[in-house]
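Report on the following structure.
Below, chain A is the first sequence line, B the second, and so on; all start at residue 1. Bear in mind the structure is a predicted one, so any value in this text is a computation, not a measurement.
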Amino acid sequence: MNEKPLLELNNLSKIFPVKGGKKVHAVNNVSLTLNKGETLGIVGESGCGKSTMGRTILKIYEPTSGQILFHGEDITKLSRKQMLPYRKKMQMIFQDPYASLNPRFTIGDIIEEPMIIHKIGTPEERKAKVQDLIETVGLKPDHIRRYPHEFSGGQRQRIGIARTLTLQPDFIVCDEPISALDVSIQAQIINLLEKIQRETGISYLFIAHDLGMVHHISHKIGVMYLGNLVEYGSSDDIYKSPLHPYTKALISAAPIPDPNQSRAKSRIILEGEVPSPLNPPPGCAFAGRCAYATEECRREKPEMVDFEGRKVACFLYKAGKKVK
Amino acid sequence: MSLLEIKGLTTEFKTSQGIVKAIRGIDYTLEKGEILGIVGESGSGKSVGMLSLMGLLAENGSVVEGTINFDGEDITPSGLDTKKKKRAYEARMRAIRGNDIGMIFQDPMSFLNPIITIGKQMTEGILCHEKISKKQAEKRAVELMNMVGIPSPESRLKQYPYEFSGGMRQRIIIAIALACNPKLIIADEPTTALDVTVQAQILELIKNLTKKTETGVIMITHDLGVVASMCDRISIMYGGNIMEEGTTDEIFYEPKHPYTKGLLNSISNNEGDKKEPLKPIPGTPPDLLKLKKGCPFTARCSEAMEICQDYNPLKTEFTKSHKCNCWLYCKDRYKEVLEGEEAHE
């Protein structure tokens, strides 16, 4: 496969300046690739920079350094106007289905709006497209004239999905699309996203903190901690045999909905909490909570190395072999 | 005798659009040192049941039926028709809340008062319920903070909530709930607002502390993973009814109710073949305003029968602990219901 990946990030960083001349390193030298028709899951705890990364890729935030290649073209430095043709191809589904829909627009208006902005089709064509999408996401045609407040969380999330699909994008950033929904509804939305992917070959960047769901939907998973990518590899590898101590702890901490497995499992309970990104420790960001941390970890930042077909940033693994 | 016995509890809310029956005749029992998980989606009535028990319902809510028996005492908030009775009930509940029953709420960010020091907030309850000096109360607060794993508690007492992280605040809230050695702790989604690694810490803490002190715990949550690792018994709620109850193993390995089965199917099973699609429950949870008689799950149930629409199912006992409210298991008993209704008319 010599096809160019859909999305490539090279050492992408986003730094927010804050009062007093300090800087928050929200995203730190992240390099990732996402192939066509695949899903890349990003997991990490709150404040690890996963949402900021999603937004920086869409250039909602201006990247501080690094490179974003979309279909092989560098979009890092493009102005708002130059971005416009690319915007059609990249969309976003938001976490909170209650805040992301305009309460004064009908469902039809909400779904049609992107086409008006991008001047696509005649009004009749647009209406037909809206009808079409409403059915794709599993809502009823007569819902078009209703307002967001008349819908439940799961239905609103379907409306959000229909809106992102209007412009036939190649790539959607899903920022915690299911965490505000009830358990029985989450599976509906995941199945819908998977069905759309099978039918259109769309790619997702799926940001979430629920590892079980991310493992289910993703082909590859990237694990982030305090703005850094600490491990990146195929979904099964990461979930079944995690390498980085943080990934291990994260997977072990996730409660399993099975009492016997839950009793049999020895939990790694991490001490402490994520340090502030304002004063990140000089070495490995995870060193303060890591059971294997050495002097080296506290002093220097580990580089991303290739290890058994995936990438991991930890001094325990030095290019190709495990230390100790 | 059980620590807590709730029988046939029904709570209603008067709203501008009509009366909402938030819970409809639920039964719970809880023994000392036991952890009971109450699982349900939003609007299933899992929190309202607990608020009824605590006497913390909003102005427009009231318990219309049923009894609540806590530690041998009847604390049902019904029949409070005179001001005197109401006042007596309120006074009694004030003495119980925070003393015999501790509470852990969902959001550690909004539970604590931002302009009062942690020390004051921790000693407030102790001073209110016990006749001890401020010094002694502070000593107790320090012990509690040690118990829940907060480093250097003496200096932390003088700090304000904003100086604590989310996980630390949740530890403080647990410490406050434990302050007067309660017999029962009600934890309403105690870890939903926390990160996974912190959630694991907090769950471990609640489990260890309550086993040590023989406190009964009611854990309200929507996370099946949390109940699997924490609870001895589980009650599954839907649309204001208890659909199924049993030990954790019974619920997970021998689910009877179609809703319980649906819930367990809709979470991803990562051990099996992962590319198998998830099996969600179709439809959405019911609108309690529009809910009529019959089983609330009928509209989404794959096994629904005609009778489900019209009559609420009877309780079927599979084992002493495992009970399920579904017509599938009591088809032959529908006559009882019909006769009962005729007799009623």
Side-chain angles (χ1 to χ4, degrees), chain A residues 43-48 138 151-155 179-192 194-195 198 209-218 235-236 239-240 246 249-263 265 267-274 276 289, chain B residues 39-44 149 151 165-168 191 193-201 203-205 221-231 234 238 247-253 259 262-271 274-285 287 300:
Chain A
V43 287
E45 297 176 87
S46 49
C48 74
F151 293 90
S152 67
Q155 287 173 317
S179 49
L181 305 176
D182 276 322
V183 190
S184 74
I185 307 296
Q186 291 187 352
Q188 291 178 3
I189 298 297
I190 292 290
N191 278 0
L192 174 64
E194 285 183 327
K195 181 187 126 205
R198 273 197 307 277
H209 60 261
D210 178 348
L211 258 160
M213 277 298 180
V214 172
H215 173 231
H216 177 88
I217 195 172
S218 306
S235 169
D236 276 342
Y239 195 82
K240 298 212 166 114
Y246 176 64
L250 197 64
I251 288 170
S252 126
I256 331 173
D258 184 325
N260 280 342
Q261 280 179 40
S262 179
R263 263 167 274 188
K265 176 164 96 166
R267 280 238 169 89
I268 309 169
I269 304 254
L270 281 182
E271 301 208 345
E273 286 170 48
V274 187
S276 153
R289 300 171 77 190
Chain B
V39 180
E41 301 178 78
S42 41
S44 63
S165 66
M168 284 296 162
T191 56
L194 304 174
D195 281 318
V196 211
T197 58
V198 183
Q199 165 172 299
Q201 297 168 1
L203 291 178
E204 201 68 20
L205 180 70
T221 178
H222 63 265
D223 190 332
L224 286 161
V226 170
V227 285
S229 61
M230 285 284 290
C231 300
I234 298 172
Y238 187 85
T247 63
T248 304
D249 283 6
E250 282 166 343
I251 295 287
F252 276 90
Y253 299 128
Y259 176 62
L263 266 189
L264 291 170
N265 277 335
S266 64
I267 44 181
S268 67
N269 176 12
N270 286 296
E271 301 314 310
K274 74 166 227 176
K275 279 305 149 203
E276 211 174 284
L278 302 172
K279 294 184 211 82
I281 306 173
T284 48
D287 181 347
R300 300 173 74 188

Subject >> Under 4.5 Å from a heavy atom of chain A, the part of B:Gln199 involved >> reply: side chain

Original post:
Which answer fits B:Asp223, side chain, backbone, both or neither, if we ask what part of it has an atom under 4.5 Å from a heavy atom of chain A?
Top reply: side chain

Subject >> Least distance between heavy atoms, A:Ala253 atom then B:Val196 atom >> reply: CB-O, 3.8 Å

Original post:
How far apart are the closest heavy atoms of A:Ser262 and B:Ser229, and which atoms are they?
Top reply: OG-CB, 3.0 Å

**OP:** Supply the atom-to-atom distance B:Thr284 OG1 to A:Gln188 CD, rounded to the nearest 0.5 angstrom.
**Re:** 8.0 Å

**OP:** Locate the shortest heavy-atom distance separating A:Arg289 from B:Gln201; write the atom from each residue and the value.
**Re:** NH2-NE2, 4.1 Å

Subject >> Toward chain B, the part of A:Asp210 with a non-hydrogen atom under 4.5 Å >> reply: neither

Subject >> Nearest-0.5 Å distance that lies between atom OG1 in B:Thr197 and atom CD1 in A:Ile269 >> reply: 9.5 Å

**OP:** Specify which of B:Gly283, B:Cys231, B:Gly40, B:Pro151 makes the most heavy-atom pairs with chain A at under 4.5 Å.
**Re:** B:Gly283

Original post:
Side chain, backbone, both or neither: which part of A:Asn191 has an atom under 4.5 Å from a heavy atom of chain B?
Top reply: side chain

**OP:** Rounded to the nearest 0.5 Å, what's the gap from CD on A:Gln186 to CG on B:Leu278? Could you check?
**Re:** 10.0 Å

**OP:** Heavy-atom distances under 4.5 Å only: say whether B:Tyr253 touches chain A with side chain, backbone, both or neither.
**Re:** side chain

**OP:** Could you tell me which non-hydrogen atom of A:Asp182 sits nearest to which non-hydrogen atom of B:Ser42, and how far apart they are?
**Re:** OD2-OG, 2.8 Å

Subject >> B:Glu41 portion near chain A, given a 4.5 angstrom heavy-atom threshold >> reply: both

**OP:** Heavy-atom distances under 4.5 Å only: say whether A:Leu270 touches chain B with side chain, backbone, both or neither.
**Re:** both

Original post:
Would you say A:Pro259 and B:Ile251 make side-chain contact, with heavy atoms under 4.5 Å?
Top reply: no

Original post:
Checking heavy atoms, do the side chain of A:Ser184, its backbone, both or neither come under 4.5 Å from chain B?
Top reply: both

Subject >> Most contacts with chain A, counted as non-hydrogen pairs under 4.5 angstrom, among B:Asp249, B:Val226, B:Leu203 >> reply: B:Asp249

**OP:** Sort B:Met168 into side chain, backbone, both or neither according to what part of it lies under 4.5 angstrom from a heavy atom of chain A.
**Re:** both

Original post:
Who among A:Asp258, A:Leu181, A:Ile268, A:Leu250 has the most heavy-atom pairs with chain B under 4.5 Å?
Top reply: A:Asp258

